[in-house]
S.K.: 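Could you have a look at this structure, given as structure tokens, before my questions?
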Amino acid sequence: MPIKFEKVSHIYSDGSPFTYTALKEIDLEIIEGKMTAIIGATGSGKSTLVQHLNALLLPTSGKVEVLDRIIASDEKPTKLKSLRKNVGLVFQFPEYQLFEETIIKDVAFGPKNFEFSEEEAIAKAKKALAMVDIDPSYYDKSPLDLSGGQKRRVAIAGILAMDPKVIVLDEPTAGLDPQGAKAIMELFKKLNKEYNKTIIIVSHDMEHVFNYCDDVVVLDHGNVRCHLSVDQFFKDSNWCEQLHIIPPFIIQAKELLKNRGIEITKDIKTVDELAEEIAKKVIK
Amino acid sequence: MGSFTLGKYLPLNSCIHKLDPRAKIIAMLIVLIAIFIPAGWLGYGLIALAVISLIFMAKLSLKFVIKAMKPMLFMMVFLLVINILVVKSGTIILSIGSFAIYTDAIIQTLYIVVRLVLMIMITTALTATTKPLDLTLGIEDLLKPFARFKVPSHEIAMLISIALRFIPDLIEETQRIMKAQTSRGVDLKEGKLKEKVMAILSLIVPLFVSAFQRAEDLANAMEARGYAPGATRTRYKVLKMERNDYILLVVSFVLCIALIILAIL
Ligand SMILES: Nc1ncnc2c1ncn2[C@@H]1O[C@H](COP(=O)(O)OP(=O)(O)OP(=O)(O)O)[C@@H](O)[C@H]1O
Ligand SMILES: [Mg+2]
């Protein structure tokens with residue numbers, strides 16, 4: 001069951017002088033079980049696009065198909081709770097949604113809303129907090145007393161605790177330290193690989209896209225510019241050039257090596273692999 | 001929120017938009033006074049004519065202005081009900097058993113409604129054509145003469161402009177938090193009372209937290225740039241009255257005088 005956008009347009013403040021078309025007849029099919037990156041310049045419509053996935057925004061025209069639910073422009077959807085349970089959306093700067101007295105209660109808030117009992121919700125919260133590396137000694141602290149990065153992780157745990165099938169993340173690593181960002185990305189990769197979650201992630205960080213994602217969707221002024229596998233996308237150096245993206249380190253290194261006469265054709269992701277390939281070429 | 005138009009600025013290009021905010025504020029005050037002069041329907045007709053031509057000149061659509069009245073609809077209905085229950089003079093137009101509706105009740109309500117509608121129209125015409133910041137500049141200047149009575153005109157204007165400045169931000173913030181909590185299963189429409197209380201709490205707490213945060217950030221930013229209340233400072237935008245501004249003042253003044261004459265006759 002893929003996630004499908006069919007001719008989806010979204011117009012903000014339709015019919016007023018402030019009207020703005022953020023999505024223009026988008027056709028898109030995101031494959032289940034993959035980790036898909038959504039990239040594009042600021043204002044290209046990424047946040048708008050992902051908010052259609054759990055019907056926070058409804059298409060102005062066209063339809064969205066997510067997990068057997070069809071959300072079309074011409075009908076007001078009802079009973080969205082099961083959709084929202086199964087599609088967890090973590091907003092850009094989610095730390096602003098924390099409100100409970102204690103961290104554990106805040107993380108349990110989601111599962112409790114989805115009809116889990118108090119104990120079940122707490123158990124799920126503990127599991128989710130462990131996943132994002134929040135130490136049990138913090139559980140009874142106020143979420144407002146945490147650092148920015150910790151708040152972010154608690155907020156992400158708040159969504160993970162709902163155990164959604166599809167996890168959508170809007171720039172989850174913005175403002176995190178590199179170590180913390182890496183840990184979070186690795187967590188998503190693990191959720192994707194081991195728990196078979198579909199992950200959709202909005203990101204500006206090409207290293208993350210390159211290292212962790214399977215597919216990439218490029219948005220440009222409300223249009224889908226391309227939808228390719230990550231390897232294909234970065235192999236064709238035209239894309240990065242056209243979109244004014246600085247390619248990931250490994251791709252840059254490959255390019256530089258190629259200019260010096262060492263061409264590496266194999267798809268590689270890490271520095272170690274690169275070193276190995278260079279060694280092979282040089283020793284030969 | 002998108003349909004809430006009362007007090008919203010509309011960036012259009014019209015001669016009314018270009019007027020000096022001070023002239024517009026004074027003209028509005030004069031017309032507001034005129035609305036309260038009991039000059040009968042002819043008087044209201046005159047004001048309505050003036051206000052509608054003003055709205056037309058400002059390139060505002062009537063639809064926009066009518067939308068601004070929506071929040072007042074409830075109040076108008078409420079007034080009608082009260083008047084029907086209280087006013088017992090004039091002739092009876094409808095009677096059900098011992099309960100009767102009198103003509104005066106209807107006429108009085110109509111008077112009030114017409115006044116309200118005119119007032120909303122004129123204030124909407126002001127706020128829709130004047131940037132909030134210009135509005136506060138105008139208020140500041142108009143309050144200047146009261147400085148000798150220790151009225152802190154600059155501080156009042158600064159307060160108003162900060163408040164106005166943050167309204168859209170707070171609306172946006174509310175929507176964002178609402179969306180975030182909706183994603184966590186909050187349902188603001190359905191659910192039991194306890195769930196609803198929780199839902200509202202999940203909205204208000206983050207909103208307050210971020211509002212205080214913003215206030216603190218703003219205070220720090222202002223202080224870092226050397227802001228001190230009461231200090232003399234120059235202005236980036238200097239207001240200047242021009243021919244059209246005087247025309248507006250004269251027209252509204254003449255309108256007011258005409259109503260007084262009508263009322264006396
Ligand atoms: N509530 C709104 N009302 C009107 N216009 C909006 C609203 N939200 C977003 N927009 C506009 O829609 C466009 C797309 O916004 P969106 O938030 O989807 O961009 P984005 O790709 O997520 O950008 P960023 O990388 O900065 O997060 C922007 O030009 C923005 O100005
Ligand atoms: Mg965004």
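Since this is a predicted model, take the numbers as computed values, not measurements.
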S.K.: If you compare all heavy atoms of B:Leu170 against all heavy atoms of B:Ala211, which two are closest, and at what distance to 0.1 Å?
M.R.: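 Result for this residue pair: CD2-CB, 4.3 Å.
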S.K.: Quickly, which of A:Gln150, A:Arg152, A:Arg153 forms a side chain to side chain donor-acceptor pair (under 3.5 Å) with A:Glu95? Name it, please.
M.R.: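 The residue from A:Gln150, A:Arg152, A:Arg153 that satisfies side chain to side chain donor-acceptor pair (under 3.5 Å) with A:Glu95 turns out to be A:Arg152.
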S.K.: Heavy-atom count check: over 12 atoms from other residues, nucleotides or ligands less than 6.0 Å from A:Lys126 NZ?
M.R.: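 Result for NZ/A:Lys126: open.
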S.K.: Taking all atoms of both residues into account, what is the closest heavy-atom pair of A:Ala157 and A:Val132, and its distance?
M.R.: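 Heavy-atom minimum between the residues: CB-CG2, 3.8 Å.
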S.K.: Return yes when atom CZ of B:Arg225 has more than 12 non-hydrogen atoms of other residues, nucleotides or ligands closer than 6.0 Å, and no otherwise.
M.R.: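 Not buried by this count: 12 neighbours or fewer within 6.0 Å.
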S.K.: Which one, A:Gln97, A:Arg84, A:Lys112, leads in non-hydrogen pairs under 4.5 Å with chain B?
M.R.: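 Greatest number of close heavy-atom pairs with chain B: A:Gln97.
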S.K.: What part of A:Ile159 is in contact with chain B, defined as an atom under 4.5 angstrom from a non-hydrogen atom: side chain, backbone, both or neither?
M.R.: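 For A:Ile159, the contact with chain B is made by the side chain alone.
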S.K.: What I'd like to find out is whether the side chain of B:Ile177 reaches to under 4.5 Å of the side chain of A:Phe99, using heavy atoms alone.
M.R.: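 Sidechains of A:Phe99 and B:Ile177: no contact.
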S.K.: Top residue by heavy-atom pair count (under 4.5 Å) with chain A, among B:Arg184, B:Gln213, B:Met198?
M.R.: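 Greatest number of close heavy-atom pairs with chain A: B:Arg184.
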S.K.: Tell me, for A:Asp106 versus chain B, whether the close heavy atoms (under 4.5 Å) come from the side chain, the backbone, both or neither.
M.R.: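 Answer is both: backbone and side chain atoms of A:Asp106 are under 4.5 Å from chain B.
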S.K.: Name the region of A:Lys85, side chain, backbone, both or neither, that has any atom closer than 4.5 Å to a heavy atom of chain B.
M.R.: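 For A:Lys85, there is no contact with chain B at all, as no heavy atom is under 4.5 Å.
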S.K.: Could you tell me whether the side chain of B:Pro21 reaches within less than 4.5 Å of the side chain of B:Leu239, counting heavy atoms only?
M.R.: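 B:Leu239 reaches B:Pro21 side chain to side chain.
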S.K.: What part of A:Glu115 lies closer than 4.5 angstrom to a heavy atom of chain B: side chain, backbone, both or neither?
M.R.: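 No part of A:Glu115 comes within 4.5 Å of chain B.
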S.K.: Quick one: what part of A:Leu83 sits under 4.5 Å from any heavy atom of chain B, side chain, backbone, both or neither?
M.R.: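 For A:Leu83, neither part sits under 4.5 Å from chain B.
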S.K.: Considering only heavy atoms, which portion of B:Val209 lies under 4.5 Å from any heavy atom of chain A: side chain, backbone, both, or neither?
M.R.: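 Only the side chain of B:Val209 comes within 4.5 Å of chain A.
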S.K.: In terms of heavy-atom proximity below 4.5 Å to chain B, should A:Leu80 be classed as side chain, backbone, both, or neither?
M.R.: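 Neither part.
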